Number of protein chains: 2
Amino acid sequence: MANSDKVKKAAPKTAKAGTIKLPLNKIVQGDCIEVMNSLPEKSVDVIFADPPYNMQLKDTLTRPDNSKVDGVHDAWDQFSSFGAYDHFTYEWLTAARRVLKDTGSIWVIGSYHNIFRVGNALQNLDYWILNDIIWRKSNPMPNFRGTRFTNAHETLIWAGKSADKSGYTFNYDAMKAMNDDTQMRSDWVLPICAGKERLKVGDKKAHATQKPEALLYRVLMASTKPGDVILDPFFGTGTTGAVAKKLGRNFVGIERETDYIKVAQERITAVKKLDDEALGYTLSKKAQPRVPFGNLVERGMITPGETLYDSNKRYAARVRTDGTLIAEEVKGSIHQVGARVQGQPACNGWTFWHVEKKGELLPIDVFRQEIRAEMH
Amino acid sequence: MANSDKVKKAAPKTAKAGTIKLPLNKIVQGDCIEVMNSLPEKSVDVIFADPPYNMQLKDTLTRPDNSKVDGVHDAWDQFSSFGAYDHFTYEWLTAARRVLKDTGSIWVIGSYHNIFRVGNALQNLDYWILNDIIWRKSNPMPNFRGTRFTNAHETLIWAGKSADKSGYTFNYDAMKAMNDDTQMRSDWVLPICAGKERLKVGDKKAHATQKPEALLYRVLMASTKPGDVILDPFFGTGTTGAVAKKLGRNFVGIERETDYIKVAQERITAVKKLDDEALGYTLSKKAQPRVPFGNLVERGMITPGETLYDSNKRYAARVRTDGTLIAEEVKGSIHQVGARVQGQPACNGWTFWHVEKKGELLPIDVFRQEIRAEMH
DNA sequence: GGAACAGTTGAATCCTTTT
DNA sequence: TAAAAGGATTCAACTGTTC
């Protein structure tokens, strides 16, 4: 493909690390390791990677010097017939780790041919696995020879940058909402990419392993926020870019093959971003602004001296002017007193305590909601 | 446990490899690596292994009701590093390979904590992966903190002794018959081991990680013939032995802990071999799979931003990306919003809401039916 | 006797901010 | 940096009790 404003040529190998500005919503042509090494470090929120898994599997286990590995004690830390693939894997995962923000996370998809190499490398490189996700295909290709089980799934690994770097995005509530109000599980049932969604060039598939948009939809809805940057180092025909654009996220695509880039570019251009109401990103409860109980007293929503009850009216406590409670000699915050009267180690005072209004018990959390609504 | 005719003491480390006769249908007490090295080479048909997962649990975990989760904190699951775990893995997999017949196969079960280490080691040791099998738990433990996807599955790797040594057993027709006459897939839905099947000592579970018999039933039905020898190097409370005996197969169990051996021995003694007729598998009736509304959005059957109507077009609501609806400031699931706009306590959103296609109103339930049809 | 309800439990790498 | 505090968080299956 000729140069266009949407396609960047790969940075030369000599490019200084981090000297290239992040090419937002563009496809960069080139080797993903070189390109990633040219990007600014800690600059992307999430990486989605669908690496190749074409391996030379028939070789026997040999070291680089061609001696055969036979012992127990030296097999596990030596190169093997998988050496070339492992080397490639470590290189791109290392480059990916550099460009990933400390609060970022990475997704890698694969099958049993390569996923154990990838998972092993991720762990060795100090990534921290969050989940392994099973994409259960509703319409897999059958096993024609009847020699094994129908290979009906692929595996995705979702990992944070390291064990002590938390802060990764997980839209728990959105996932739960998408799953009829029960937690989203680690096994996802989705059809393979077929029909109109399957991109063609003439009457041939544009790409051998095009992933369904539904898969990326769930990945991005789960682990990114609107405006986040998603890097895909094996961009192919651009499923990641198409879904990112639709969902109001930014993408950076890296791809070597001109033919794929061309198809991906056309595809993404045709995608429209959903409007903001439809996007409807709701802040998780954990991320909402903190409202001290004292504010409710301060504003007169709750009067000092008033009595609070639990939902069964088994426990009662009186409100003091400073926003603490007192019950049976126990003084402290709404949480501490709630925990103590029940003899529990912890308690969410917001949902535990109620005020009595016209004979009805109203959780004090409704006042907090009022205050938050004012704050937008 | 005292010596008995059913329990053998481990062979001494100096025992010459292969000098011990195969202890058929017995539990050998000792370290599995030493014991396996003392057994005759190429003597067992199938190995089933449930090694420690190296879960690296830190603090105690509590449920939302403040009760404590009884996690796996046993000494046998503690390893100092990945290196230590890898070393252990290579050792036992090497010993296992020696006792396995050339026509044999091996099963190893694990979770994301260890399965990538195991899979990597299997490949490096020249085993040949036949399938990775997903045990989808119908009743997994939820994620109590809302931080990740519910960890709802475990992975089994099924591998032959090497790429050029075929001849492993796969009972294709039995598997197909067990699965309503369609090929058995690589994902198996089975409940966890609970209820009466769960072995207890007093009121405590006998083993932290007892596997369900249904899982071993399928493994052995798929990959062994009557009379075959199945070796389990991490025998625990003997699920492998119990199912092997029931199915008319022979087992060899290796276990270190006296307490587990005692429980396993009693359990297996109580098992009766099924008569040949009873070996026919009774099919459990499949329930209608639940399809979340979010799936329709994810798959593009319904577009975020699209408007839904009731059959009389009296009410309207817009679809958001996470599969919730919004109508007149009311947000929530298709059921919740349907109920609220009507002022009713409840509503079946599937039949209430419709999409407009070419001037016709189509209930959204038709899309759910489409998805169910794909799932069979 | 059976329905309804309350209680328990499972291989889990399960929090974040302020003081 | 360690300790304290705020406050967010669960699903399906089985067991046992009550009405």
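Residue numbers start from 1 in every chain, and the chains themselves are labelled A, B, ... in the order their sequence lines are given, proteins ahead of strands. Remember, predicted model here, so these are calculated numbers, not experimental data.
The side chain of L61(B) has dA12(C) as its nearest neighbour among dT10(D), dA12(C), dC11(D). When each of dA12(C), dA12(D), dT15(D) is scored by its nearest atom to the side-chain atoms of L57(B), the top-ranked nucleotide is dA12(C). Proximity note for F144(B) (side chain, C-beta onward) versus dA8(D), dT15(D), dC14(C): the nearest is dC14(C). Distance from the side chain of W350(A) is smallest to dA8(D) among dA8(D), dA12(C), dC15(C). If you check dC15(C), dT17(C), dC11(D) against the side chain of T147(B), the one that comes closest is dC15(C). Nearest to the side-chain atoms of T209(B) among the listed nucleotides dA11(C), dT10(D), dG6(D) stands dA11(C).
Rounded to whole Å, the distance from NZ on K205(B) to C1' on dG10(C) is 6 Å. Remark: C1' of dG10(C) and CZ of R198(B) are 7 Å apart, rounded to the nearest angstrom. Per the geometry, CZ belonging to R63(B) stands 7 Å off C1' belonging to dG10(C), to the nearest Å. Atom-to-atom, CZ of F79(B) to C1' of dA11(C) comes out at 14 Å; the value is rounded to the nearest Å. Distance Q288(A) CD to dT17(C) P: 14 Å, rounded to the nearest Å. The interatomic distance linking R145(B) (CZ) with dT16(C) (P) rounds to 11 Å, in whole Å. Taking atom CG on N66(B) and atom C1' on dT8(C), their separation rounds to 15 Å, with Å as the unit. Here the C1' atom of nucleotide dA12(C) and the CG atom of D70(B) are 12 Å apart, to the nearest Å.
Using a 4.0 Å cut-off between charged nitrogen and carboxylate oxygen, R299(A) and E374(A) count as a salt-bridge pair. In this structure, K176(A) does not pair ionically with D322(B), as no charged nitrogen and carboxylate oxygen lie closer than 4.0 Å.
Side-chain N/O atoms of R368(A) and base N/O atoms of dG7(D) include no donor-acceptor pair closer than 3.5 Å. At a cut-off of 3.5 angstrom, counting only N and O atoms as typed in the model, there is a donor on one side and an acceptor on the other between the side-chain of K211(B) and the base of dA11(C).
When each of S138(B) and G146(B) is assigned the nucleotide of DNA chain D with its nearest heavy atom, G146(B) is the one assigned upstream, toward the 5' end.
Within 4.0 Å of P140(B), counting heavy atoms only, lies at least one base atom of the nucleic acid. Across all strands, K58(B) comes closer than 4.0 Å to no nucleic acid atom at all (heavy-atom distances). Within the nucleic acid shown, D77(B) comes within 4.0 Å of at least one base atom, counting heavy atoms only. Using a 4.0 Å heavy-atom distance criterion, P51(B) is classed as a base contact. Counting any heavy atom pair closer than 4.0 Å across all strands shown, A194(B) reaches no nucleic acid atom. Heavy atoms of N143(B) sit under 4.0 angstrom from at least one base atom. Base engagement by D50(B) is indicated by at least one non-hydrogen atom pair under 4.0 Å involving a base atom.
In a base pair of the Watson-Crick type (N1 to N3 plus N6-O4 or O6-N4) or a G-U wobble (N1-O2 and O6-N3), with each distance short of 3.5 Å, dC19(D) is matched with dG2(C). Pairing of dA12(C), defined by two Watson-Crick or G-U wobble distances under 3.5 Å, is not identified with any nucleotide. dA3(D) is paired with dT18(C) under the criterion used here, namely a Watson-Crick or G-U wobble arrangement in which both key atom distances are under 3.5 Å.
In terms of phosphate contacts, H335(A) brings a side-chain nitrogen or oxygen within less than 4.0 Å of OP1 or OP2 of dG7(D). Residue R148(B) places none of its side-chain N or O atoms closer than 4.0 Å to OP1 or OP2 of dA12(C). The side chain of K137(B) contributes no N or O atom lying less than 4.0 Å from OP1 or OP2 of dA12(D). Distances shown here put every side-chain N or O of Y172(A) at or beyond 4.0 Å from the OP1 or OP2 atom of dC15(C). Put simply, N348(A) has a side-chain N or O that comes within less than 4.0 Å of OP1 or OP2 on dA8(D). Within the structure, a side-chain polar atom (N or O) of K176(A) is placed less than 4.0 Å from OP1 or OP2 of dT10(D). For S333(A), a side-chain nitrogen or oxygen approaches OP1 or OP2 of dG6(D) to under 4.0 Å.
Taking the P atom of each, dG6(D) and dA12(C) are spaced 31 Å apart, rounded to whole Å. Comparing dT10(D) with dG7(C), their C1' atoms sit 14 Å apart, to the nearest whole Å. Rounded to whole Å, the P atom of dC14(C) lies 23 Å from the corresponding atom of dA12(D). dA11(C) sits 25 Å from dT9(D) when the P atoms are compared, rounded to a whole Å.
For F170(A) and F149(B), the gap between ring centers is short of 6.0 Å. The distance between the ring centers of W158(A) and Y168(A) falls below 6.0 angstrom. Between H207(B) and W76(B), the ring centre distance stays below 6.0 Å.
A cation-pi arrangement is present between R117(B) and F82(B) under the rule of less than 6.0 angstrom and at most 45 degrees off the ring axis. The side-chain tip of R136(B) does not point at the ring of W188(B) from less than 6.0 angstrom away and within 45° of straight on.
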